[in-house]
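Every chain is numbered from 1, with letters handed out A, B, ... down the list of sequences.
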Protein chains: 2
Amino acid sequence: MLRSRLTKSEQEAILALPAQEVRTAAHRDIVRPGHCSTFSTLVVDGLVARFDQLANGHRQITALHIVGDFCDLHSVVVPETGWGMESLTDSVVRQVPHEALRDLVKSSPAIALAFWRDTVVDSSVLAKWASALGRRSAKSRLAHLLCEMGLRFEQAGLSTDSDFDFPITQSQIADVLGVTPVHLNRTMQALRQDGLLVTNGSRFRLPDQPRLCRIAQFDPAYLLLHKPPND
Amino acid sequence: MLRSRLTKSEQEAILALPAQEVRTAAHRDIVRPGHCSTFSTLVVDGLVARFDQLANGHRQITALHIVGDFCDLHSVVVPETGWGMESLTDSVVRQVPHEALRDLVKSSPAIALAFWRDTVVDSSVLAKWASALGRRSAKSRLAHLLCEMGLRFEQAGLSTDSDFDFPITQSQIADVLGVTPVHLNRTMQALRQDGLLVTNGSRFRLPDQPRLCRIAQFDPAYLLLHKPPND
DNA sequence: CGTGACCTTGATGTTAGTCAACGAATGTGG
DNA sequence: CCACATTCGTTGACTAACATCAAGGTCACG
């Protein structure tokens, strides 16, 4: 679950944290921007996005979180939310009070480091994405997103990296890539015509991953999957 | 220096950390992408940028660091560098060994939280920037950058927020905004014609900040300047 | 008096946004 | 079972933003 090595007892301490389980329908705002949050959110089922909203209402999704992700652990040390969180699908989340997390962190330096590390990995993914938004074409960004999500779904044990269920609308993908829904639609068609993408409902298949990775210039190092020890 | 409240003795412990002071000329890579770093970098003088590099050599700057910033504290918990760091001007930095930082973090939970918090603030700035790259025009992004840097220079006690020394080339700003140098040049001219920017060498003056902030949709909340206590 | 780094300008091509409309699938209430 | 609305994907015509290519201009520096 977390991207660090912990002892059994430390793992148990995290799992034993008090939490409120919440079910939400798709397209609901779980955390509204501009407030102060009192809990962190663990995704139990579904797909959850962190976003930033502009004055005109347009959204830029800055992170996608799948089953098992602790999506706003950073709010433990910085509870002020400039961002918001929305459910992209019907979802189930566990809300863990900051108070409990802070107590745990004080009692165990190893867990503090593991939490810190987890937020840094999120930040590493975000940096890679910022670079994609600034310097790549929509087609390359879409390819990159597909490569990343495939790998993350596989790592989470949900599917293979080249054939996965990704229940997201084209408008939502557009909010990730920073393009309009119309342009995303055309970009997806371009990948389909190149024989790099086959979709069927929410099922995504990537028939030629090596070529897709080349277009995306995808190097999975930034996801930090090898989980080195903390010290 | 750090964006958290610490006791005197904690502050002294940080300042007493062993470090190697290094001087670098402008336009040098301080940390090369794709390695494993063994120290974190504190900016003593100058301007330092974190960047991500594409296969074609193009760079996207993902963070700017001014005097007093600890620019890669995150590498304490994740030493693998997908990114690089370059000096934008002649600079002086202090390189603090990760080993010493990890020892300090283990001995003091408050410092661990302060360090964690610092990396989360960087991440908050990055999220705002990703949103700008995805959803705003070059003009709005430039306005946003100017508002942010003005405020940060002021907070660091270097100048006022509407008249500051920002020793950076147009090509480097272009690498921040994710545009070409040619287009950045034209974007700056547009701000000048609107009476929103006056430059003289590396001196930037913002004659009409309220209007500039409106164009930028600048809300400084994401910089988390009010420094709430850690717990 | 070159030379190189940086800024500026013009012409032209490409990428992506905007506006508007339509079709397919799904759900809902009568 | 049918009319209706809603959401989502798709398409076409047109426009705006930005990239690319190429060339000069300025200034500091050796």
How bent is the helix from C:dC1-D:dG30 to C:dG30-D:dC1, comparing axes over its five end pairs at each side, to the nearest 10°?
-> 30°

Measure from [atom1] on [X] to [atom2] on [N] and round the result to the nearest Å.
X: A:Arg136; N: C:dT14; atom1: CZ; atom2: C1'; value: 19 Å
X: B:Phe204; N: C:dC7; atom1: CZ; atom2: C1'; value: 12 Å
X: B:Gln172; N: C:dC6; atom1: CD; atom2: C1'; value: 11 Å
X: A:Leu184; N: D:dT10; atom1: CG; atom2: P; value: 10 Å
X: A:Gln189; N: D:dT11; atom1: CD; atom2: C1'; value: 8 Å
X: B:Asn56; N: D:dA19; atom1: CG; atom2: P; value: 13 Å
X: A:Asn185; N: C:dA21; atom1: CG; atom2: P; value: 19 Å
X: A:Leu54; N: C:dG17; atom1: CG; atom2: P; value: 13 Å

Selection from C:dC6, D:dT10, C:dC7 that lies nearest to any side-chain heavy atom of A:Gln170 =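 Per side-chain heavy atoms of A:Gln170, the pick is D:dT10.
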
Please report the C-alpha distance between B:Asp52 and B:Thr62 in whole Å, then the side-chain angles of each, then the deciding distance to 0.1 Å, and finally whether the side chain to side chain donor-acceptor pair (under 3.5 Å) criterion is met.
-> CA-CA 7 Å; B:Asp52 187 72; B:Thr62 55; over 6 Å; no

For a quick check under 3.5 Å, do [X] and [Y] share a side-chain donor-acceptor pair by atom type?
X: A:Trp116; Y: B:Thr119; result: yes
X: B:Glu80; Y: A:Tyr222; result: no
X: A:Arg28; Y: A:Ser91; result: no

Aromatic contact, B:Phe51 with B:His65 (centres under 6.0 Å) =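 Ring centres of B:His65 and B:Phe51 not closer than 6.0 Å.
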
Run the ring-centre check on A:Phe218 versus A:His144 and record whether the distance is less than 6.0 Å.
-> yes

5′-ward residue of the pair A:Ala138/B:Thr169 relative to DNA chain C =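 On the 5' side of the pair lies B:Thr169.
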
Which is it for A:Trp83 and A:His35 under the ring pair (Phe, Tyr, Trp, His ring centres under 6.0 Å) test, yes or no, and what are the steps along the way?
-> CA-CA 9 Å; A:Trp83 39 272; A:His35 289 69; over 10 Å; no

Please work out if A:Thr187 contacts a base, only the sugar-phosphate, or nothing of the nucleic acid, heavy-atom cut-off 4.0 Å.
->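 No contact at all - A:Thr187 keeps every heavy atom at 4.0 Å or more from the nucleic acid.
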
Would you classify A:Gly178 as touching base, sugar-phosphate or nothing, given that sugar-phosphate means primed atoms plus P, OP1 and OP2, and contacts are heavy atoms under 4.0 Å?
->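 Sugar-phosphate: the residue A:Gly178, judged by heavy atoms under 4.0 Å, touches backbone atoms but no base.
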
A:His27: side chain to side chain contact (heavy atoms under 4.5 Å, CB included) partners, not counting sequence neighbours |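 Residues passing side chain to side chain contact (heavy atoms under 4.5 Å, CB included) with A:His27: A:Thr169, A:Gln172.
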
Tell me, yes or no, whether the heavy-atom count around A:Glu21 atom CD, taken from other residues, nucleotides or ligands under 6.0 Å, exceeds 12.
-> yes

Between protein and nucleotides 20-23 of chain D, what N or O pairs are separated by less than 3.5 Å?
none

Please check the phosphate of D:dC18 (OP1 and OP2 only) for any side-chain N or O of B:Arg141 closer than 4.0 Å.
-> yes

